[in-house]
Amino acid sequence: TQLLEQSPQFLSIQEGENLTVYCNSSSVFSSLQWYRQEPGEGPVLLVTVVTGGEVKKLKRLTFQFGDARKDSSLHITAAQPGDTGLYLCAGPSNTGKLIFGQGTTLQVKP
Amino acid sequence: DVKVTQSSRYLVKRTGEKVFLECVQDMDHENMFWYRQDPGLGLRLIYFSYDVKMKEKGDIPEGYSVSREKKERFSLILESASTNQTSMYLCASSLQGALDTQYFGPGTRLTVL
């Protein structure tokens, strides 16, 4: 069974701090997606990484796909309260469906 | 912009009731999905549909059924609601299949008493 494990599950930091959240698996994925879900809303796609070792930047967010395509990380620089939300990684399963990690809940305090 | 709407944001039902959750998307997407979201478990796929009148079971279909009579509308049905179906239900759509970008609705928080 393919699983995506995210860590940490919860993170509470002050505005301006840096942070990294992780998405790990024992399985190889052809690609991984990162979604952000704000309170009261559905998840919204942030980025898709498809090549081992790939790094993508979205303003203050940096996404990296592991060389072996078994893991990914999301680094946020100088976090702001607007970054608060649930961060989900997702990847394609062997059966062609998208499977999700359990998510990292981030709270950024002003 | 793709818009996915869900009929209710909050719903309270009693055990044994039949419950309908409606989802509508406005971008002519072929694929539609129903997930449930529970703390610590992420999103789990209940059912999906890749065409009108077509449906496939996801990972946790027990206790649920679906209906897709029109391309833009995908309904989730709880035949006899139970307390363990209390959850957040998310609908999504995509253009080219489950692995394409999925666009989510705002969710329906269902409480079964």
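A note on names: the letters A, B, ... follow the listed sequences, proteins ahead of strands, and every chain is numbered from 1.
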By a 4.5 Å heavy-atom criterion (distance strictly below it), what part of B:L45 contacts chain A: side chain, backbone, both, or neither?
side chain
For chain B, which residues from residues 33-41 of chain A lie under 4.5 Å away (heavy-atom distances)?
A:Q33, A:Y35, A:Q37, A:G40, A:E41
Kindly check if the number of other-residue, nucleotide or ligand heavy atoms within 6.0 Å of CZ (B:R14) is above 12?
no
Relative to chain A, which segment of B:D100 carries a heavy atom at a distance below 4.5 Å: side chain, backbone, both, or neither?
backbone
Which atoms of B:F33 approach chain A - backbone, side chain, both or neither, heavy atom under 4.5 Å:
neither
Give me the contact list for residues 102-110 of chain A versus chain B, heavy atoms only, anything under 4.5 Å, ordered by residue number.
A:Q102
Are A:L74 and A:L58 linked, directly or through intermediate hydrophobic residues, by side-chain heavy-atom contacts shorter than 4.5 Å (ILVMFWY only)?
yes
Path from B:I60 to B:W34 over hydrophobic side-chain contacts below 4.5 Å
yes
Counting only heavy atoms closer than 4.5 Å, note whether A:L88 contacts chain B via side chain, backbone, both or neither.
side chain
Between B:C91, B:G107, B:G42, which residue shows the highest count of heavy-atom pairs closer than 4.5 Å to chain A?
B:G42
Cluster question for you: counting only ILVMFWY and a side-chain heavy-atom cut-off of under 4.5 Å, with indirect links fine, are A:Y22 and A:Y87 together?
no
Taking side chain as everything from C-beta outward and backbone as N, CA, C, O, which of these in B:Q37 sits under 4.5 Å from a heavy atom of chain A? Side chain, backbone, both or neither.
side chain
Can you tell which of A:S93, A:G91, A:P43 has the highest number of heavy-atom pairs within less than 4.5 Å of chain B?
A:P43
For side-chain contact (heavy atoms from CB on, under 4.5 Å), just list the numbers for A:T95 and B:E56, CA-CA rounded to whole Å, side-chain angles, deciding distance to a tenth of an Å, and then say yes or no.
CA-CA 12 Å; A:T95 56; B:E56 282 202 27; over 6 Å; no
So what's closer than 4.5 Å to chain B heavy atoms on A:L86: side chain, backbone, both or neither?
side chain
I'd like to know if B:Y64 and B:Y35 are part of one continuous hydrophobic network [Ile/Leu/Val/Met/Phe/Trp/Tyr, side-chain heavy atoms within less than 4.5 Å].
no
Above 12 or not: heavy atoms from other molecules or residues under 6.0 Å from CZ of B:R44?
yes
Taking A:V47 as the starting point, is it possible to reach A:F100 by hopping between hydrophobic residues whose side chains are less than 4.5 Å apart?
no
